[in-house]
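What follows is one structure encoded as structure tokens, with my remarks underneath.
Numbered from 1 within each chain, the chains take letters A, B, ... in sequence-line order.
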2 protein chains.
Amino acid sequence: MSVTIRDVARVSGFSIKTVSNVINGHPQLRPETRKRVEDAIEQLGYRPNLSARNLRSGRSGVIGLIIPDLTTAYFAELADAVMRAAAERGLAVLIEPIGSGRENELAALRGQHRHMVDGVIYSSLTLGASDAELLKGVDTPLVVLGDTSFDGQVDRITMANTSGARAATEHLLAAGRRRVLALAAHEGDIVASAELRLAGYREALEAAGLSFDPNLVCYADSWHRRGGAAAMTKLLKDGLSFNAVFAFNDTLALGAMRVLQEAGVRIPEDVAIVGFDDLDETRYSLPALSTVNPRRDKIAKAAVETLLRRIEGGAELDAREIETDFLLQVRESSGGALKGVSGANSAA
Amino acid sequence: MSVTIRDVARVSGFSIKTVSNVINGHPQLRPETRKRVEDAIEQLGYRPNLSARNLRSGRSGVIGLIIPDLTTAYFAELADAVMRAAAERGLAVLIEPIGSGRENELAALRGQHRHMVDGVIYSSLTLGASDAELLKGVDTPLVVLGDTSFDGQVDRITMANTSGARAATEHLLAAGRRRVLALAAHEGDIVASAELRLAGYREALEAAGLSFDPNLVCYADSWHRRGGAAAMTKLLKDGLSFNAVFAFNDTLALGAMRVLQEAGVRIPEDVAIVGFDDLDETRYSLPALSTVNPRRDKIAKAAVETLLRRIEGGAELDAREIETDFLLQVRESSGGALKGVSGANSAA
DNA sequence: CTGAAAGCGCTTACAG
DNA sequence: CTGAAAGCGCTTACAG
């Protein structure tokens, strides 16, 4: 019923092979031939059948994206970025939300969609360095997004946790704040990124000649708004003194900011705040939240490119690790008038 | 290189046809035959090649979901629900975020992924009744999610806008509040749902014997937090008197609530608030937001079932319109102790 | 540059 | 119940 390459061949007067050459953009074609074939394609409304093409080529043109869920802003925005990057390379994305927990993550690696996709981008929270063997055993091309190193055994894209955190802290210190609270969380196993961001925080203190005060490091019991709010409530009750906050992610920052404001603390006059992630909503909070933009666009692009390279190159290829740069997004919560600061790009 | 049905036939000692029968669960098979084939499948680790199956059957097992974007909480949660519903029917979902604007929406109907999907679920903001012809012209099976009626020409799933809004308003009135502000927005062309919700609001007033006061209907200039905040700021400045707010969506409610609290208004003591959508974050706001749960789970399930019916039944089938029910989710912002109220289910 | 033919892995009438 | 064969629409050596 639908138009096939055969119809195009018949109408254009050329062979199937020639039509195929036109479709696939082979260079050695007489312009006139190309033109006539294209006219026939246009006239018939021909579109290649992807199932057939895939059957032949062994590819599907679809990549998988494994994330915990789509309702957390962070992952929704990550998915959005990956879809855009994939679209640019003509790929479609099949999202597999797997819920939280280590078992789910492991199960996803053997998921049912594996046979529909050419490769998988896998945003992992719970896998650790000791799982490198496991990941190598996966026969689907795989790129991991995450902060845990797998000793160069798996393709991985990561964000500038340490340098981004350092820049955020330095920005607060540069404004004259000397008591910068570090607000982190333990929940889940995202510990890797918390450690890296803490390291950046300490680097900034050191560079400024300030000593590290463990009392200024606070752990919320979740990475969400509520966790940030609860932690800040406790800190205020305890009477801790500080004039700036570097929260390890935006939702912690938003929760903490909320509690500070309810307590009559002015932001940024009394306490300046910077978050991490640059979620869309940070632009709309009151005041707008300063934050570290981890360049999800670049992460997504690097992930897609790396996956494509792996799909084409096969398992023998050496694993690649890429760390993208960051952008310090200065908004109202930490000053306002300052310009954004660019981060350095480093790769391993 | 990979295991094919042929290998299974060889190892099991049966013909390809018999193996195929086992895979596709045909009933007329000797248990022993089935067992031996299944053993061979197990032993070889055979998995059907979907491209081949799709080429043969003309199906892909993938459905498309067209939404404006994935970074808006509402659509992220909708996408999540659709993926769950699809997974239950063995389908994968290809999300196509198309940005906002009528042109993008129209373009998406002819999108490049159309040939990879068996059908499309389309969450439309800007299409109107006059576009029914256009939608009928789409040759891909299509189910629309939205509040605009297409005169029964297109399969459509919609939520209980009017009865949900009525229940929300009645809940506020039942608590003794007599000046209930209706907070809506104009932006985009989501006007259809705004009108339906306003109708529910008016029904509730009427049923309670109260007259409708146009001054209590307020339009923000966007459906987002910021719009709700700006509108509420203006209302407070104008000195409008009210003791309850029914916001037409959750983000408007959250923005308004924020401004009220900053102005020292206690919630729910001074002003009770109810939103619409039951976004995940409403559970974590301070206070937790009461809201109308539009049962995205049911909407998604109905959409997938209806699409499957259309895919199998073809274009001759009569179009189906389904309105799902709702659940009033009473939380802290409007009282707290009250139980949730179930909505009636109606279908056209 | 172009044509005829094989084959990707599967399902499904058609015969037994 | 089961087997041999055709064909879904495409790409790609292989010959010209």
Side-chain angles (χ1 to χ4, degrees), chain A residues 1-41 44-62 90 112 114-118 311-312, chain B residues 1-41 44-62 90 112-118 139 311-312:
Chain A
M1 48 183 221
S2 65
V3 184
T4 76
I5 197 172
R6 204 190 183 99
D7 300 314
V8 177
R10 190 169 32 71
V11 168
S12 67
F14 292 99
S15 76
I16 288 177
K17 171 70 163 109
T18 303
V19 175
S20 175
N21 283 343
V22 171
I23 294 167
N24 295 291
H26 284 224
Q28 319 271 53
L29 280 171
R30 216 174 291 175
E32 201 200 303
T33 304
R34 183 187 302 279
K35 177 84 173 63
R36 277 169 58 195
V37 171
E38 281 168 351
D39 285 349
I41 288 175
L44 294 167
Y46 168 75
R47 296 277 210 133
N49 176 311
L50 297 183
S51 292
R53 177 175 283 176
N54 295 339
L55 173 58
R56 191 71 227 307
S57 69
R59 295 260 210 108
S60 71
V62 179
Q112 54 172 328
R114 263 201 24 235
H115 296 264
M116 320 189 48
V117 300
D118 298 334
I311 290 169
E312 278 154 17
Chain B
M1 46 183 217
S2 64
V3 183
T4 75
I5 198 172
R6 204 191 184 100
D7 300 314
V8 177
R10 189 169 33 71
V11 168
S12 67
F14 292 99
S15 75
I16 287 177
K17 171 71 163 111
T18 303
V19 174
S20 176
N21 284 344
V22 171
I23 294 166
N24 294 292
H26 286 224
Q28 319 273 52
L29 281 171
R30 216 174 291 174
E32 201 201 303
T33 304
R34 183 186 304 279
K35 177 81 171 63
R36 278 168 56 195
V37 170
E38 281 167 352
D39 285 350
I41 288 175
L44 294 167
Y46 168 75
R47 296 276 209 132
N49 176 312
L50 297 183
S51 292
R53 177 177 283 176
N54 296 338
L55 173 58
R56 191 69 227 305
S57 69
R59 294 261 210 109
S60 71
V62 180
Q112 54 172 329
H113 297 332
R114 269 212 7 248
H115 296 263
M116 320 189 49
V117 300
D118 299 334
D139 55 355
I311 290 169
E312 278 153 17

[atom1] of [X] to [atom2] of [Y]: how many Å apart, nearest 0.5 Å?
{"X": "B/Arg10", "Y": "B/Ile16", "atom1": "CZ", "atom2": "CD1", "value": "10.5 Å"}
{"X": "B/Ser57", "Y": "B/Arg53", "atom1": "OG", "atom2": "CZ", "value": "8.0 Å"}
{"X": "B/Leu55", "Y": "A/Ser51", "atom1": "CG", "atom2": "OG", "value": "6.0 Å"}
{"X": "A/Ile23", "Y": "A/Arg47", "atom1": "CD1", "atom2": "CZ", "value": "12.0 Å"}

Check whether any side-chain nitrogen or oxygen of B/Ser20 sits under 4.0 Å from OP1 or OP2 of C/dT11, and answer yes or no.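 Checking C/dT11 against B/Ser20, a side-chain N or O does come within under 4.0 Å of OP1 or OP2.
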
Taking OP1 and OP2 of D/dT11, is either one under 4.0 Å from a side-chain nitrogen or oxygen of A/Arg53?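 Yes, because at least one side-chain N or O of A/Arg53 sits under 4.0 Å from OP1 or OP2 of D/dT11.
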
Atom pair distance, as rounded to whole Å: [atom1] in [X] and [atom2] in [N]:
{"X": "B/Arg59", "N": "D/dG9", "atom1": "CZ", "atom2": "P", "answer": "16 Å"}
{"X": "B/Leu55", "N": "D/dG9", "atom1": "CG", "atom2": "P", "answer": "7 Å"}
{"X": "B/Asn24", "N": "C/dT12", "atom1": "CG", "atom2": "P", "answer": "7 Å"}
{"X": "B/Ile23", "N": "C/dT11", "atom1": "CD1", "atom2": "P", "answer": "6 Å"}

So what does B/Asn54 hit on the nucleic acid, given a heavy-atom distance under 4.0 Å: a base, only sugar-phosphate, or nothing?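 Result for B/Asn54 = nothing.
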
Within residues 5-18 of chain B, find the residues that approach DNA chain C with a heavy atom at under 4.0 Å, and present them sorted by residue number.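 Within residues 5-18 of chain B, the residues near DNA chain C are B/Ile5, B/Ile16, B/Lys17.
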
Name every residue in residues 32-40 of chain B that has at least one heavy atom under 4.0 Å from any atom of DNA chain C, in order of residue number, or write none if there are no such residues.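 Within residues 32-40 of chain B, no residue comes under 4.0 Å of DNA chain C.
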
Going by an N to O cut-off under 4.0 Å, is there a salt bridge joining A/Asp39 and A/Arg36?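 So A/Asp39 does not pair with A/Arg36 through a salt bridge.
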
Between B/Asp118 and B/Ser60, is any side-chain donor less than 3.5 angstrom from a side-chain acceptor?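 Yes, a side-chain donor-acceptor pair sits under 3.5 Å.
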
Do any N or O atoms from the side chain of A/Asn24 and from the backbone of A/Ser20 form a donor-acceptor pair under 3.5 angstrom?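 Yes; at least one donor-acceptor contact below 3.5 Å.
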
Under 3.5 Å donor-acceptor, B/Thr18 side chain and B/Phe14 backbone: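 Between the backbone of B/Phe14 and the side chain of B/Thr18 there is no qualifying donor-acceptor contact (under 3.5 Å).
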
Nearest heavy atom decides the nucleotide; on that basis, is B/Asn21 or B/Ala52 closer to the 5' end of DNA chain D?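 The answer here is B/Asn21.
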
List the atom of [X], the atom of [Y], and the distance in Å for their closest heavy-atom pair.
{"X": "B/Tyr46", "Y": "B/Thr4", "value": "CE1-C, 3.5 Å"}
{"X": "B/Val19", "Y": "B/Ser12", "value": "CG2-OG, 4.2 Å"}
{"X": "B/Arg59", "Y": "B/Ile311", "value": "NE-CG2, 3.6 Å"}

Side chain to side chain contact (heavy atoms under 4.5 Å, CB included) assessment of A/Arg34 paired with A/Glu38: CA-CA 6 Å; A/Arg34 183 187 302 279; A/Glu38 281 168 351; 3.5 Å; yes

What nucleotide among D/dC10, C/dG9, D/dG7 has an atom nearest to a side-chain atom of B/Asn49?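 Output: C/dG9.
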
Which nucleotide in D/dC1, C/dC10, D/dT12 has an atom nearest any side-chain atom of B/Arg56: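 The closest nucleotide is C/dC10.
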
Between [N] and [M], how many Å separate the two [atom1] atoms, rounded to a whole number?
{"N": "C/dA6", "M": "C/dT2", "atom1": "P", "result": "23 Å"}
{"N": "C/dA4", "M": "C/dC8", "atom1": "P", "result": "22 Å"}
{"N": "C/dG16", "M": "C/dT12", "atom1": "C1'", "result": "16 Å"}

Give DNA chain C the dot-bracket treatment, 5' to 3': Watson-Crick (N1-N3 with N6-O4 or O6-N4) or G-U (N1-O2, O6-N3) under 3.5 Å, [ ] crossing, | other strand. |||.||||||||.|||

